[in-house]
Structure formats: structure tokens, C-alpha cells
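Only one structure is covered here, and it is reproduced in the block below.
In what follows, chains carry the letters A, B, and so on, assigned in the order in which the sequence lines appear, proteins first and then strands, with residues in each chain numbered from 1. Just the heavy atoms: all of them, side chains too, but no hydrogens, waters or symmetry mates, feed the values below.
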Amino acid sequence: MTNNPAPQKFVVTTPLYYVNDVPHIGSAYTTLAADALIRWQRLQGNSALLITGTDEHGQKIERTAISKDLAPQEHCDQIVVSFKSLWEQLNIQYDRFSRTTASEHKVIVDQFFERVWEKGDIYLDQQQGWYCVACEEFKEERELTEDKHCQIHTNKKAEWRDEENYFFRLSKYQKQLEAIYADNPEFIQPVARRNEVLNFVAQGLQDFSISRVNLDWGFPISQDPKHTIYVWFDALLGYLTALLEPDQEANLELALSQGWPIDLHLIGKDILRFHAVYWPAMLLSAELPIPKRVFGHGFLTKDGLKMGKSLGNTLNPFELLDKYGSDAVRYYFLRAIEFGKDGDFNESRFVDLLNADLAKNLGNLLNRTLGMLNKYCQGNGPQLKQEDYPDHDSLKTIGSNLGSQVAIAYQDLQFKQACEAILELANASNKYIDDHAPWVLFKEGKQEEIEHVLYAVLESIRLAAYLLSPIVPNLSNAIYQQLGFSCNFNELTQLSAAPVFAQHSRWGHLPANLNLNKARPVFTQLELSSVVSDS
RNA sequence: CGCGGGAUAGAGCAGUCUGGUAGCUCGUCGGGCUCAUAACCCGAAGGCCAAUGGUUCAAAUCCAUUUCCCGCUACCA
């Protein structure tokens, strides 16, 4: 369906976040995971595009703006600033920030709507049904209790609604969707999420309303301007708009040629249904290919409790970043939590984990090794090569397998496993030093052996830093710089060549005659002082 | 019969799909080392893997039943 084959590009999206309020930790979580993936792609020399943005229409936004005595657009503009600022503090390298109020987006939405309209999949009908205001959703009879209460909101009775809406023929696509799920088992991940969707679809799909009346803040439907397009229909299309280059003409075909279908929609589990059911159906209707993968990750809790304003235990991402820095925050959420499952934030665990892994295991390892080089080798880099190590050498063994192991983990979004595997090399290196005791070798005057040991360790540190760079780019920079490299993991152009990846991801790459820099702690231990408070 | 997630050492978790000596991090206790960010290495204590029943030569893992916990009432990923 796409024309003009553009260079192959790995495209990942975060949700377009709803601008009802300033960003919260959950948005940060999704986004930092997406960023790590994109960085991993770029590290390998692949062309990659990270799409994020904001979803700005809908009644809720309109009401929020009014309550702040602002025009809706002014309100959105303010919130957008805070999102962009958070992404900057989190060291997110996004390529597109797609706003659903952008003028290009209007064109894309019109053109897409037109396709679906021409297909005959949109029809006008009376929306009749039980509406749960708390859910903002129409409910099936079977979803309600006998006295018409929503099962989630048992304290609120569903309301009978009867209004004119446009509908999308979702029901028409049930069979096709089921075939897609069956033929593409990788489409919805993780498996538990996939099962939920399968279950939902198997119960039968109902057409859903895609327009609202009596709502100004949204795109009017060209065919019938008193209707406004339902916010979700509009928001999902934001992914398409985002494919356009910043100064490119707004045109659906053009957008599609720039990287469609998208490789991965990274989302929270709450919006899975929209991405795994409604969105593919909309695309089928428009005769477009569907995205390759939708991954619904888990939710975060704080100290075991759901975060919420009512509980007053929200975790302010800005404060967290101010206090600990982007690397620490990125590392914690990717390392401490099984991606896909719910995970907990606990500040003392946060400090423990960061100190144990980054400050002590890896950071101190570099520090002690460089210290010994200065003391025992006058700071000269060892002059050895991979071939000088027997195959049973523990670091060589672990290091040689690490690159491919970590590649698989990143590919499967198993960030935790990637971190664990990498840290194992650091751990083995600390042991390696103790086992070989360079300080003893020094007293015995065994200079060559000292260099032999230190090279292996230094190389292991380098490899660990390289493979961790998608997650903790600043730390990796600091390590690489102390090792005498001049590259910068935040400036990907210098590292984007595939041959570089082939070399750097292999154990044994460290060249001789390194221009080693002075040993300085690359990651200072964190202290648990006052607990990050509610905003 | 609402939907979903969970119950494994003091704490937090992996392992469950593809049955076969129960593992990781932090913490605790003891020892070692001295190159280092009070770091690093070694060792130990600590688990009837929620319960019951079943399948099997063998079950944390498969099947059945049960108990308990947590979300789903919006800031929401």
C-alpha cells in the first residue's frame, strides 16, 4: 500500500499523551522505555524514528481549560511545554512531537475519514444505550448489573442515552481481526495482554460511535460539521501525521510512505483495546497495513500502593529527576521492573539498586582498575589482544556471548534481563581482579600478568558501558571518556555506522595504547535523604 | 460465576509456557583482601514455592477445587 519505498526505518511510538494535566511518572515510564529501544536501534546503525506527542481534543480538555480560565489551545500549549521539558530532563531523543491540534493533522484526519467514509464503514444512527458517565463509555446490557449499574462503578447507575452519532462498523471486521491475531501471534504483547484482547474480541464486537455532538473542541466532520470527531479516532491518527517531515506537505499518502507500518506501539495496558482492536480495524477499513507490534506494559505503584491524587502519593517525575538525574531514573525503571508487568517504586530500593549496580559494581570497578593501571603500569594502557586469552578465560567467555544475548533481550523488550546480563560481566570482573590479585603480582614483579588481567577487566567495563548506553547514556559516556574514547552516546551520528557496532559490541575490541584518563568516580553513590514528596 | 494481576528466604523479585538438584538483588552474621566510590571477594543463616486433591518415576512448574491480597470509582501509561 505504501509507495516510494523510503530507507528502512524502525519506528516506535509512545502514546500521544492526553494533556489534561502535566505529565506524570507513568508517561515518563513509557517514554523512557521507548527511548532506550530507539537508542538501541541507532547504536546498531539502524535508522530509527521515535514518535511521541500529545492528544489535545475532547470535552475533558475543554472543561479543564475553562476551569483555568484559558482558551483550550492556550491550555494545551502550556501543558505541551511541560511535556517537552520533561523529555529533555529525561534525556529523551524523540524525533517527532505530534500534536493532534496541528493543522497538518486536520488534513490527515480528513483524508483518512474520507477513505473510511467511502468504504461505507461510517453511518449515522441513534446512539441508544446505557452510558456509564464514570467510564465515559457505552455499556452492553450484559456488562451491567440487573438494576443497570456498571460493574466497575457500582455506586453509579448507568444513564440511558439517545442521540445522533456517526458509527464505525467495527463489527464488520471481527473475523479479519481474529485472523490477524491468529496469523501474527507477535502482534499483541505480552502474552497475557494478547489473551485479554482475544477474549474481548471473541465476545463479539459492537460498532462504536466516532462522533460527538455539542462539542466544540475537536475536528468537525467535513461531511456533517455539526459533529465533532471522537477524540480517540482523532488521536490514533496522530501516529500517521507524525510520520511527516516537519516541513512536508500534509498528505496521507506521503505520510504513509515515510515509515508505515509502524514497528511498535508502546503503550500502557489501559489503552490496549484502542490500539489492538479499534485501531487495526480502522486501518483495515482504510485498506492500510496494520502496525507490526503493540506492547502494553504494566502500571507503576508506589510503596505497593496505587498512585493517585486522592491518596496523595503521586511520584513527581520532575522532582525525581532533579534529585537523582536521568540515568538513575531510566535505569531503575528498566532494571527493577519486569517490563510488561506492574512494578513498584520504592525510594530506598531505588537508592540501593543504583548504588549496588552502577556505583559499586560497575563504577567502582572502573575506578579501582584505572587506579591499578596508574599505580602498576604508569597509566599506560595494556598492549594485549583478545587472542591472548584462552577460551576458558571467564571474562572472555562471558563477554563473547554478551552482545548477542543482550541484543535478544532488547529485541524482546526485556530490559531487566539485558541489565542483569550486563551486570554479570561487571560482577565477574570484580571477582576476576580478586582471583588474580594484581597487587600480589606487582610485588612479584609480574608486569605482563598484571597487564593481562587489567586489559581483560577494562575491556569488560567498556563492553558493559557500550551495551548499557541505550539505558544510561551519560554514564556510558563518562566510562568511555575515561577509557580514552572521544565518542558521545548522546550524539548518535558519530556512532551510527553499523561497522562500529560490530566492533564495539564484541569483547576484545579495546585497542592498545589507550589514552586513559584519570580515575574519577563515574557514578557517585546516592543518598536516601528526604523522600520525594507529592507535588 | 464481572475483568485483570498476584501469593516463592526479613524485604523486593525471577523461575511456571517447554515438569527433573529452589535462584537473584538488598538486608543480617562470619571470614578474607587492600587496587578502589566505607569498595571488592568468599562463606553462612534464612523457603514444607498460599491451601487441598489429582496426573507423573518426578510438580513452584501441568490439571481441578479453595483461601487470601491488589487494581479496575481518573491524574492517568
Practice prompt. For atom CG of A:Asp69, decide whether the heavy atoms of other residues, nucleotides or ligands shown that lie under 6.0 angstrom number more than 12.
Written response: no
Practice prompt. Taking atom P in both B:rC1 and B:rG46, compute the distance separating them and give it to the nearest angstrom.
Written response: 48 Å
Discussion item. Give me the distance, rounded to whole Å, that separates B:rG6 from B:rA60 when you measure between the C1' atoms they each carry.
Written reply: 15 Å
Practice prompt. Answer yes or no: is there an ion pair linking A:Arg293 with A:Glu186, defined by an N-O contact shorter than 4.0 Å?
Written response: no
Discussion item. Can you confirm whether or not the ring centre of A:Phe339 sits under 6.0 Å from the ring centre of A:Tyr29?
Written reply: yes
Worksheet item: Is there ring stacking between A:Tyr17 and B:rA77, where the centres must be under 5.5 angstrom apart and the planes under 30 degrees?
Response: no
Practice prompt. Give the rounded distance in Å between these two atoms: CG of A:Asn355 and P of B:rU25.
Written response: 16 Å
Item to complete: Take the protein atom CG of A:Asp352 and the nucleotide atom P of B:rU25, then report the distance between them rounded to whole Å.
Response: 13 Å
Worksheet, complete the sentence: As its Watson-Crick or G-U partner within any shown strand, both distances under 3.5 Å, B:rG30 has B:rC42
Worksheet, complete the sentence: From CZ of A:Phe339 across to C1' of B:rA14 the rounded distance in Å is 17 Å
Worksheet item: Expressed in whole Å, how much space separates the P atoms belonging to B:rA59 and B:rC17?
Response: 14 Å
Worksheet, complete the sentence: Note: for A:Glu420 and A:Gly304 on RNA chain B, the residue whose nearest nucleotide lies more 5' is A:Glu420
Response to the item:
For B:rA7, the nucleotide meeting Watson-Crick or G-U wobble distances (both under 3.5 Å) is B:rU67
Item to complete: Looking only at side-chain atoms of A:Val522, point me to the closest of B:rA77, B:rC35, B:rU37.
Response: B:rU37
Worksheet entry | Proximal nucleotide (of B:rU37, B:rA77, B:rG5) relative to the A:Ala192 side chain | B:rG5
Discussion item. What I want to check is whether the side chains of A:Thr52 and A:Thr14 have a donor and an acceptor closer together than 3.5 Å.
Written reply: yes
Worksheet, complete the sentence: Side-chain atoms of A:Arg349 come closest, of B:rU37, B:rG4, B:rG12, to B:rG12
Discussion item. When the P atoms of B:rA64 and B:rG47 are compared, how many Å lie between them, rounded to an integer?
Written reply: 32 Å
Discussion item. Expressed as a whole number of angstroms, how long is the span from A:Gln417:CD to B:rG15:P?
Written reply: 7 Å
Discussion item. Nearest whole Å is fine: how far is B:rA74 P from A:Tyr18 OH?
Written reply: 15 Å
Worksheet, complete the sentence: Against the side chain of A:Ala356, the closest entry in B:rC75, B:rC26, B:rA77 is B:rC26
Practice prompt. Using the C1' atom as the reference point in each nucleotide, state the distance between B:rG2 and B:rG54 in Å, no decimals.
Written response: 29 Å
Worksheet, complete the sentence: The residue, A:Ala426 or A:Asp342, whose nearest nucleotide of RNA chain B is more 5′ is A:Asp342
Worksheet item: C1' atom, B:rC57 versus B:rU65: distance in rounded Å?
Response: 26 Å
Worksheet, complete the sentence: Against the side chain of A:Lys306, the closest entry in B:rC75, B:rC40, B:rC26 is B:rC75
Practice prompt. Please measure how far the C1' atom in B:rU16 lies from the corresponding atom in B:rG5, and state the result in whole Å.
Written response: 15 Å
Worksheet item: Quick one: is B:rA14 close enough that its OP1 or OP2 comes under 4.0 Å of any side-chain N or O from A:Lys341?
Response: yes
Worksheet item: Can you find a side chain N or O atom of A:Asn199 that sits less than 4.0 Å from OP1 or OP2 on B:rG4?
Response: yes
Item to complete: Please work out if A:Phe299 contacts a base, only the sugar-phosphate, or nothing of the nucleic acid, heavy-atom cut-off 4.0 Å.
Response: base
Item to complete: May I ask you to check whether A:Phe295 and A:His275 place their ring centers less than 6.0 Å from one another?
Response: no
Response to the item:
Side-chain contact check for A:Ile433: nearest option of B:rU37, B:rC35, B:rA77 is B:rC35
Worksheet entry | Pair A:Asp434 + A:Arg368, salt bridge at N-O below 4.0 Å | yes
Worksheet entry | Nucleotide forming a Watson-Crick or wobble pair with B:rA60, both distances under 3.5 Å | none
Worksheet item: Rounded to the nearest Å, what distance is computed from the CG atom of residue A:Asp357 to the P atom of nucleotide B:rC40?
Response: 11 Å
Discussion item. Categorize A:Gln525 for me: base, sugar-phosphate, or nothing, with a 4.0 angstrom heavy-atom threshold over every strand shown.
Written reply: base
Fill in: Residue A:Asp344, side-chain heavy atoms: nucleotide from B:rC42, B:rU25, B:rC13 that is nearest
B:rC13
Discussion item. Need one value for A:Leu266: base, sugar-phosphate or nothing, where a base atom within 4.0 Å counts as base even if backbone is also close, heavy atoms only.
Written reply: nothing
Worksheet, complete the sentence: Checking B:rA74, B:rC41, B:rG4 against the side chain of A:Arg193 (C-beta onward), the nearest is B:rG4
Discussion item. Under 4.0 Å from OP1 or OP2 of B:rA14: is there any side-chain N or O of A:Lys416 that close?
Written reply: no
Item to complete: Would you mind reading off the distance between A:Leu16 atom CG and B:rA77 atom P, rounded to a whole angstrom?
Response: 11 Å
Practice prompt. Would you please name every residue forming a side-chain contact (heavy atoms from CB on, under 4.5 Å) with A:His75, sequence neighbours left out?
Written response: A:Ile61, A:Thr64, A:Ala65, A:Lys68, A:Leu70, A:Ile79
Worksheet entry | Interatomic distance where CD1 belongs to A:Ile337 and P belongs to B:rG12 [whole Å] | 14 Å
Worksheet item: Distance between the P atoms of B:rC62 and B:rG20, in whole angstroms?
Response: 11 Å
Item to complete: Specify whether A:Phe208 and A:Tyr278 have parallel, tilted or perpendicular ring planes, treating 30° as the upper limit for parallel and 60° as the lower limit for perpendicular.
Response: parallel
Item to complete: Ignoring backbone atoms, establish whether A:Asn427 has a side-chain N or O less than 4.0 Å from OP1 or OP2 of B:rC41.
Response: yes
